[in-house]
Amino acid sequence: MSHRISGPALPVVVALIAAQCFQANALAAASLPPPATIHWSACSADLVSEEWTAAWSGRLECGSMRAPLSYARPESGYVDVTVLRVKAGVPAERQGAIFFNFGGPGAHPADYLPLTAATWNLASANSVIDGDKRRLADRYDLVAVVPRGLEGPSFDPCGNAPGLGSGPDPIIDLADWNWAGFVRDAREFARRCGSQAMARYAGTRAHVLDMEHARRSLGEPVLNYIGVSYGSWVGYRYAVLFPEHMGRFVLDSSMDVTATVEQIHETLPAVAQDLFERHVIRQVVTMPAYGVTEPDTKAVMTRLNGIAAHARRAWMTRMQTPEDLAAVLTLGRWIDDERQMWLDGEHWDTVGARLRTRAEAHRFSTVSGVDTAIRTAAESFIDMLRPSDETDDGRRIGTYLAATCGDTPWTKSIRQWRATAQWTAARYPVKGGGGVMTGLICHHWPVDAVDAFPVPGLIAAPPMLLVHAEHEAATPLAGARRTLEALPAARMIVSRGMLGHGVFGMSGTPCVEKGVGRYLLTGVLPPARSTVCDFRPSPPSRRIREPGAWPTTGDLHEALRLRLQRS
């Protein structure tokens with residue numbers, strides 16, 4: 001959904017939107033309490049690993065800030081909100097703070113902020129590509145407000161969210177009786193999780209107001225911000241409420257902020273399927289080194305859809321590289337050989353050991369390096385078959401659903417979700433049924449959010465910078481371009497050829513790394529409305545990690561890449 005306004009109606013519409021934004025901002029500001037005292041201390045080991053607290057030598061701190069449970073109803077009581085920060089490396093040159101949200105909803109900043117700050121801190125100030133990151137680490141505190149529900153008063157364990165793990169999947173287990181079970185399980189889970197008190201007081205609006213409360217409590221004149229993925233959703237909504245307090249804003253891998261969450265979920269399966277076919281299947285069927293016998297995309301998808309259901313549940317959404325696909329196609333045939341033994345109840349350890357032995361002896365490719373890569377992938381996919389009795393993190397799932405279900409309306413009926421499951425199974429199976437199950441849960445979510453957030457339209461926000469990979473399945477580029485359309489003063493940088501989630505700091509692409517770094521340091525935006533430049537990978541790390549020393553930049557980038565994929 002894009003907003004195009006032209007002709008004589010433009011002044012009237014802009015005036016109306018400006019009045020609505022002013023009214024929303026005035027109401028938000030009126031409901032904010034006085035600044036709080038943030039009590040800082042060393043981070044506990046259950047929040048941040050002792051390795052990081054030792055490495056930062058006091059620069060990494062965790063704080064607690066008192067905030068209203070509901071900013072709209074202060075009489076509802078108060079909650080302690082956790083805040084993390086890495087203090088500026090050169091206090092005499094300190095210029096302010098940069099706030100972060102790393103996505104989710106439900107991504108815990110303790111898993112990301114120390115790593116991000118470390119990559120900036122390890123950069124050389126003399127580096128043409130990364131020098132600005134070092135200057136940012138020296139001059140700015142790096143701050144993250146922990147979303148409600150992840151710390152302090154939170155969600156009790158809700159149990160495993162049905163259909164969101166490796167269990168039954170509504171686009172694989174398509175029988176009518178299975179569907180009835182999915183609907184029942186989604187309803188029961190939504191009532192169990194959504195009936196908890198925190199479900200009413202978490203979500204995006206509460207987090208945005210917590211960020212503003214933290215800014216005022218820290219005495220910062222403006223809020224500088226980097227939001228990744230869902231963090232862009234947070235940043236845009238901060239811009240709606242508090243445009244006069246915005247500093248330099250970066251929306252990295254932006255969601256489509258003009259759509260509802262339901263509409264966003266509807267677009268993702270087709271995008272994921274297209275990227276998988278173009279960047280994974282095409283490579284394995286055109287390069288003999290992968291040893292794949294299927295001649296084309298249709299044949300590969302037919303083969304994948306014919307793999308035993310329990311293996312498809314574990315594998316389908318986790319194939320990201322040609323090596324992954326080549327491994328799965330071979331393992332799928334071996335699973336067929338083991339199917340009867342599996343059905344007869346043979347213990348997993350026996351079947352798994354037999355598969356591993358077979359993988360070790362098998363020649364996947366005549367090219368040595370490719371052979372090794374496929375075998376490594378095969379070992380990982382064999383491990384994915386192991387039955388799991390792990391319980392989902394109730395805090396993360398509850399925090400995710402409080403925002404996902406509570407931010408914007410979910411309008412599809414159960415019948416429409418059934419049709420969506422069948423259509424997705426037929427056309428876009430690589431995405432899996434997680435979106436369908438999220439829709440069923442949100443359909444039954446019992447909370448009329450106290451601080452629900454309508455979908456805003458065009459806003460007269462100050463300039464901000466969007467940065468995006470060309471090929472992105474979680475937050476597609478088309479949606480980010482619609483966000484750009486909704487922000488007349490914004491600019492965008494696209495890394496052409498890049499496949500990934502989370503862009504700034506994850507490459508050696510000059511227009512991205514220098515463009516974003518320069519903007520955060522100086523406020524100078526790229527001159528063009530949209531800049532496109534070719535992706536360049538990060539140069540290999542030349543340093544070898546010594547015992548007890550910080551990780552190498554390459555290790556940090558890889559850890560961040562894997563975490564951002566899950567955010």
Side-chain angles (χ1 to χ4, degrees), residues 115 165-166 272 275-294 300-301 303-304 307-308 310-338 342 348-388 390 430 432 471 473-474 498-502 506-507 537-545 551-567:
L115 274 73
S166 59
L275 288 175
F276 183 72
E277 291 180 1
R278 287 194 291 131
H279 294 277
V280 179
I281 296 181
R282 184 177 298 175
Q283 190 162 340
V284 300
V285 299
T286 57
M287 295 183 64
Y290 288 102
V292 171
T293 58
E294 285 75 14
V300 169
M301 289 308 306
R303 177 61 198 139
L304 288 176
I307 291 174
H310 67 274
R312 271 188 291 148
R313 295 186 199 107
W315 293 343
M316 191 68 91
T317 63
R318 299 182 181 183
M319 294 178 291
Q320 298 181 352
T321 67
E323 292 78 14
D324 290 347
L325 175 57
V328 163
L329 289 172
T330 299
L331 290 174
R333 296 184 180 92
W334 297 352
I335 288 291
D336 289 343
D337 297 341
E338 304 286 346
W342 201 299
W348 153 252
D349 288 340
T350 304
V351 178
R354 198 156 46 240
L355 290 173
R356 281 189 288 270
T357 298
R358 196 165 178 177
E360 291 169 0
H362 185 71
R363 186 71 179 269
F364 289 93
S365 172
T366 58
V367 179
S368 177
V370 177
D371 180 68
T372 299
I374 298 175
R375 182 174 295 102
T376 300
E379 292 169 353
S380 296
F381 280 93
I382 290 169
D383 287 340
M384 293 176 195
L385 294 171
R386 181 183 297 275
S388 175
E390 293 183 3
V430 300
H471 307 300
M498 184 176 184
L499 179 65
H501 190 56
M506 302 303 293
S507 78
S538 299
S541 177
R542 297 179 180 178
R543 183 172 66 86
I544 298 175
R545 185 177 186 182
T552 66
T553 302
D555 290 342
L556 292 168
H557 281 161
E558 180 61 14
L560 273 173
R561 184 187 69 81
L562 293 174
R563 293 184 183 188
L564 288 169
Q565 285 179 357
R566 300 190 295 268
S567 72

### Task
Start with the C-alpha gap between Thr321 and Gln283, add the side-chain angles, then the distance that decides, and say whether side chain to side chain contact (heavy atoms under 4.5 Å, CB included) holds.
CA-CA 9 Å; Thr321 67; Gln283 190 162 340; over 6 Å; no

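- Here CZ of Arg561 is found 4.0 Å from CD of Glu558. Values are rounded to the nearest 0.5 Å.
- The distance from atom OG1 of Thr350 to atom CG of Leu355, rounded to the nearest 0.5 Å, is 11.0 Å.
- The minimum heavy-atom distance between Asp371 and His362, with the atom names listed, is OD1-O, 4.2 Å.
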### Task
Could you walk me through whether Leu115 and Arg563 pass side chain to side chain contact (heavy atoms under 4.5 Å, CB included), step by step?
CA-CA 10 Å; Leu115 274 73; Arg563 293 184 183 188; 3.8 Å; yes

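- In plain terms, the two heavy atoms of Met301 and Val430 that are nearest each other are CE-CG1, 4.1 Å.
- Of all non-hydrogen atoms in Met319 and Met316, the two that sit nearest each other are CE-O, 3.6 Å.
- Of the possible donor and acceptor atoms, none in the side chain of Arg354 sits under 3.5 Å from a partner among the backbone N and O of Thr357.
- Scored by the side chain to side chain donor-acceptor pair (under 3.5 Å) test, His501 finds Ser229, Glu472 as partners (sequence neighbours excluded).
- Classification of the Phe364-Trp334 ring pair by plane angle, with boundaries at 30° and 60°, yields tilted.
- The structure places CG of Leu331 at 10.5 Å from CG of Asp324, a figure rounded to the nearest 0.5 Å.
- Contact annotation: the side chain of Arg303 approaches that of Arg333 to within less than 4.5 Å [non-hydrogen atoms, C-beta and beyond].
- In this structure, CG in Leu556 is found 10.0 Å from CE in Met506, a value given to the nearest 0.5 Å.
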### side chain to side chain contact (heavy atoms under 4.5 Å, CB included) between Leu329 and Tyr290, intermediate numbers included
CA-CA 11 Å; Leu329 289 172; Tyr290 288 102; over 6 Å; no

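- Considering every non-hydrogen atom in both Arg375 and Glu360, the closest pair reads NE-O, 3.8 Å.
- Across all their heavy atoms, Val280 and Gln320 have their closest contact at CG2-O, 3.6 Å.
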### Task
Show the numbers, then the answer: is there a side chain to side chain contact (heavy atoms under 4.5 Å, CB included) between Ile335 and Leu385?
CA-CA 10 Å; Ile335 288 291; Leu385 294 171; 3.7 Å; yes

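- Of the charged side-chain nitrogens involved, none lies within less than 4.0 Å of a carboxylate oxygen, so that Asp383 and Arg318 do not count as a salt-bridged pair.
- Ser365 places a side-chain N or O within 3.5 Å of a backbone atom of Ala289 that can act as its donor or acceptor partner.
- The only member of Val285, Val292, Leu304 that meets side chain to side chain contact (heavy atoms under 4.5 Å, CB included) when paired with Leu325 is Leu304.
- Between Ala473 and Ala272, the shortest heavy-atom contact is CB-CA, 4.3 Å.
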